[in-house]
Amino acid sequence: MGDHDQDLAGRLRQAGIARGDLVGLAVAPGRTTAPVGTVAVAVSSDAGWIVTADEVAAADASLRPRWVTWSGETAARLCGCGVRLATSWDIAAVHRLLFGGWLAGPGLAWAAIHGLAADGVPAHDPGTLFAGMPSPDEEPVGPDGYLRAEWAEGGWADSESRLVRWACVALGMAREQEAALGKTALGKTAEPGAGVRLATARSESTAELLCAELAADGLPVDLEVAGRLLTEIIGPRPRNADEATRIRAERDGLVLRHAPGGATADLRSPVQVRALLRSAGIDVPDTRAWRLEQYAKVHPIVAALLEWRKAERVATTYGYSWLDACVGPDGRLRGAWTGSDGAAGRMTASAGLHNMPAVLRQAVIAEDGHVFVRADLGQIEPRVLAAVSGDRALIAATEADDLYLPVAGELGVDRPTAKVAMIAAMYGQTTGYGGQAATRMKAAYPVAMGYLDDADRQARAGHDLRTYGGRLVRMSSGDGEGVPGGESRARVVGRGRYGRNAVIQGAAAELFKMWAVTVRARGAALDARVVLCLHDELLVHVPERAAGAAVRLVGDCLAETARRWVPGPTRFLAEITTVKCWADAKPTARTGQPADTVS
DNA sequence: TGCGGCTATTG
DNA sequence: CACAATAGCCGCAG
């Protein structure tokens with residue numbers, strides 16, 4: 001074929017675009033398929049074209065530029081028309097990294113990168129709604145320097161020329177964000193390098209692509225097994241409302257039959273449960289499970305109540321209505337995914353994907369001809385602490401498969417004490433462990449403990465923090481800041497703990513996501529698909545015949561990620577197992593032959 | 001109807 | 001019970 005100059009990859013090459021270079025992308029909403037006119041690409045601030053989604057896919061396969069997207073929504077739209085990009089620069093994801101917080105729309109991201117006040121971002125005047133949407137000015141940037149509301153709020157999709165312009169704006173934004181990442185400096189301890197921040201920006205961006213795929217593909221669930229489990233725990237699926245009421249009353253009866261003198265109570269009301277327990281001679285300040293457990297042998301109603309709680313939990317949150325709402329007829333459990341949420345930028349998921357009761361994992365079963373490769377990072381938080389603080393002694397301890405053994409030796413305490421002391425340092429726990437262990441911890445690992453103490457101090461003072469990968473953790477937006485006398489001590493202490501933990505949990509999340517997107521990229525050749533991300537655990541759905549290769553690949557990806565992420569010799573390891581069912585993973589790893597590990 | 005409190009599940 | 005998250009129900013204010 002002599003017509004290669006006509007395809008998109010050829011045109012991009014002609015414009016000087018090479019593998020990994022930024023290319024602006026804008027995808028109009030509202031179509032499940034993408035004919036000409038719904039996608040625009042941009043190669044400079046004033047040059048771009050309308051193309052088809054298929055052309056983008058083909059150019060991605062042959063040239064693989066880094067596509068600039070406005071947000072995960074762009075990835076979801078492309079996913080919807082069957083296009084899965086290899087890599088991206090996601091403006092919203094990088095905005096969250098650079099500036100913290102959750103809001104990251106085009107108008108705000110534009111203002112932030114240009115140093116304009118967030119409260120000056122223009123919004124549509126609600127009064128104009130009656131007159132219809134004003135047609136967007138052909139110039140996206142207003143005289144005040146902000147993005148015009150008409151553009152930021154969707155007016156860019158109104159015509160092909162505006163769509164192209166929007167892709168051009170995206171490209172410009174990405175370049176400015178890239179430059180800003182190279183300059184950002186904040187914090188005194190172990191100031192992360194620009195290289196790490198750029199690498200983090202790229203993996204956080206590509207994680208948005210992964211999130212769109214996780215949402216679209218879902219987690220394999222065997223509906224028959226799920227139904228059987230539910231029947232065992234909460235009884236058969238009720239056929240009507242009366243039956244549902246009867247089954248519910250029967251469950252309540254198993255507790256209330258132990259009530260003295262036929263007393264009754266609404267078991268869903270903590271106040272009434274407390275009164276019920278008092279009538280049985282048990283006086284407790286609250287009715288949490290860990291507190292009631294001490295009374296399990298005092299009165300039979302306590303054990304019955306705790307049992308009821310477990311069943312009630314499944315019935316209300318993970319019952320038949322959950323299956324109906326979240327599991328498709330294709331046996332895939334689907335939820336909404338976010339790439340960086342909360343205090344430290346962890347991934348989050350809805351539909352119970354991140355907090356499914358362990359017993360229900362028995363229903364998470366690989367499809368015919370497939371298996372799961374399950375990989376679990378071991379002792380990730382103390383290892384991340386060693387890496388980001390650069391503490392030589394703690395880095396040396398990461399050489400051990402069980403990091404707490406050398407730490408215990410160093411402190412002159414037993415392993416459980418060493419573990420509690422380490423976790424206390426990272427989370428800010430102040431009760432329940434000997435102060436002597438903390439003193440020795442400071443002496444043995446002064447750099448690591450100093451890193452945590454510094455985060456704690458900065459957070460207490462209301463100063464923003466930045467993680468190793470460059471994520472801004474906002475401490476200044478909370479109320480009560482800067483009013484030393486007007487703030488309770490508990491509040492300040494709590495904020496210190498928050499900051500102390502955020503720099504560790506956040507850095508761990510960044511490492512994890514870099515690992516996840518590496519597995520996503522390398523695994524494609526094996527038809528291995530990441531189907532679940534769980535903070536320190538990856539579940540990869542893979543054809544049976546490729547299982548062995550996938551196990552090695554997941555381990556290699558961790559080694560590659562660790563090398564790229566941290567310059568020092570910190571050792572990270574993962575327990576990697578091949579299983580048919582998610583629930584099989586833990587026992588195999590604990591009691592079976594040594595799992596594949598990687599350093 | 002919205003929201004804080006309580007409770008449970010997970011990493 | 002130390003950190004993070006999602007989610008349901010109750011009780012109360014408006």
Side-chain angles (χ1 to χ4, degrees), chain A residues 102 219 233 248 252 265-275 284-294 305-319 321-322 325-326 333 335-361 364 374-382 384-385 419-433 438 452 455-456 459 465 467 473 490 493-509 512 532-539 582-583 585-586:
Chain A
W102 171 249
L219 179 70
I233 300 165
R248 207 169 100 136
D252 293 4
D266 179 355
L267 298 176
R268 294 154 194 85
S269 162
V271 175
Q272 292 187 42
V273 167
R274 199 171 155 226
V284 282
D286 62 64
T287 71
R288 289 182 172 91
W290 64 269
R291 201 186 292 280
L292 293 187
E293 265 153 25
Q294 300 160 279
L305 177 65
L306 291 172
E307 201 58 33
W308 176 90
R309 284 250 178 93
K310 284 192 194 304
E312 179 72 2
R313 169 104 181 111
V314 170
T316 54
T317 309
Y318 299 102
S321 54
W322 169 66
C326 302
L333 171 60
W337 286 80
T338 66
S340 69
D341 199 6
R346 271 185 170 186
M347 295 174 84
T348 58
S350 65
L353 285 157
H354 275 181
N355 51 1
M356 188 188 306
V359 61
L360 295 182
R361 293 183 177 192
V364 178
R374 174 186 177 276
D376 201 349
L377 295 175
Q379 303 173 333
I380 185 59
E381 291 190 330
V384 162
L385 172 60
K419 182 176 175 177
V420 169
M422 180 67 75
I423 288 171
M426 290 187 299
Y427 294 173
Q429 182 180 349
T430 51
T431 58
Y433 78 105
L452 294 168
D456 192 304
L465 302 169
T467 64
V473 179
V493 170
R495 210 168 52 204
R497 283 199 291 253
Y498 177 97
R500 182 180 280 271
N501 182 248
V503 291
I504 298 304
Q505 196 189 96
F512 176 82
L532 192 72
C533 293
L534 201 42
H535 310 313
D536 63 354
E537 176 180 348
L538 275 180
L539 206 56
W582 192 16
K586 279 281 181 189

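Residue numbers begin at 1 in each chain, while the letters A, B, ... track the order of the sequences. Here the structure is a predicted model, which means the values were calculated and not measured.
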>> Using OP1 and OP2 only, check whether a side-chain N or O of S269(A) sits under 4.0 Å from dG11(C).
In response: yes

>> Please report the distance, rounded to the nearest Å, between CD in E381(A) and C1' in dA4(C).
In response: 9 Å

> Tell me, for nucleotides 1-9 of chain B in 5' to 3' order, what letter each nucleotide earns: B for a base near a protein heavy atom under 4.0 Å, S for only sugar-phosphate near one, - for neither?
Replying inline: -----SSBB

> How long is the line joining CD1 of I423(A) and C1' of dG11(B), in whole Å?
Replying inline: 12 Å

>> From CD of Q429(A) over to P of dA4(C), roughly how many Å is that when rounded to an integer?
In response: 14 Å

>> Base, sugar-phosphate or nothing for Q272(A)? Non-hydrogen atoms, less than 4.0 Å.
In response: sugar-phosphate

> Base, sugar-phosphate alone, or nothing: which one does L534(A) contact when heavy atoms must sit under 4.0 Å apart?
Replying inline: sugar-phosphate

> Which of these nucleotides, dA4(C), dA5(C), dG11(B), is closest to any side-chain atom of D341(A)?
Replying inline: dA5(C)

> In whole Å, what is the span from the CG atom of D266(A) to the P atom of dG11(C)?
Replying inline: 6 Å

>> Rounded to whole Å, please give me the gap between CG in L267(A) and C1' in dC9(C).
In response: 13 Å

> If you measure from CG on L333(A) to CG on L353(A), what distance do you get to the nearest 0.5 Å?
Replying inline: 4.5 Å

>> From the set dT10(B), dA5(C), dC10(C), return the single nucleotide nearest to any side-chain atom of R361(A).
In response: dT10(B)

>> As an exercise, state the distance from OG1 of T287(A) to CD of Q272(A), rounded to the nearest 0.5 Å.
In response: 12.0 Å

>> Using 0.5 Å steps for rounding, measure from the CG atom of L532(A) to the CZ atom of R361(A).
In response: 8.0 Å

>> At 4.0 Å (heavy atoms only), tell me whether A351(A) reaches a base, stays on the sugar-phosphate, or touches nothing.
In response: sugar-phosphate

>> Here's a test for you: under side chain to side chain contact (heavy atoms under 4.5 Å, CB included), which of R497(A), R500(A), Q505(A), E381(A) qualifies with Y427(A)?
In response: E381(A)

> What does R346(A) touch in the nucleic acid at a heavy-atom separation under 4.0 angstrom: a base, only the sugar-phosphate, or nothing?
Replying inline: base

> Are side-chain heavy atoms of V273(A) and W308(A) found at a separation under 4.5 Å?
Replying inline: no

> Which nucleotide in the list dC10(C), dG8(C), dA5(C) gets nearest to the side chain of T317(A)?
Replying inline: dG8(C)

> Looking at A311(A) and I233(A), what are the two nearest heavy atoms and their distance?
Replying inline: CB-O, 4.0 Å

> How many Å lie between CZ on R500(A) and C1' on dA4(C), as a whole number?
Replying inline: 16 Å

> Separation of L292(A) atom CG from dC1(C) atom C1', in whole Å?
Replying inline: 15 Å

>> Between W102(A) and D341(A) (side chain of the first, backbone of the second, donor and acceptor by atom type, cut-off under 3.5 Å), is there such a pair?
In response: no

> When the P atoms of dG5(B) and dC1(C) are considered, how many whole Å apart are they?
Replying inline: 14 Å

> Roughly how far, to the nearest 0.5 Å, is CD1 of I423(A) from CD1 of I504(A)?
Replying inline: 12.5 Å

> Can you check the L539(A) CG to dG11(B) C1' distance for me, whole Å?
Replying inline: 14 Å

>> Mind checking if G342(A) touches a base, just sugar-phosphate, or nothing, with heavy atoms under 4.0 Å?
In response: sugar-phosphate

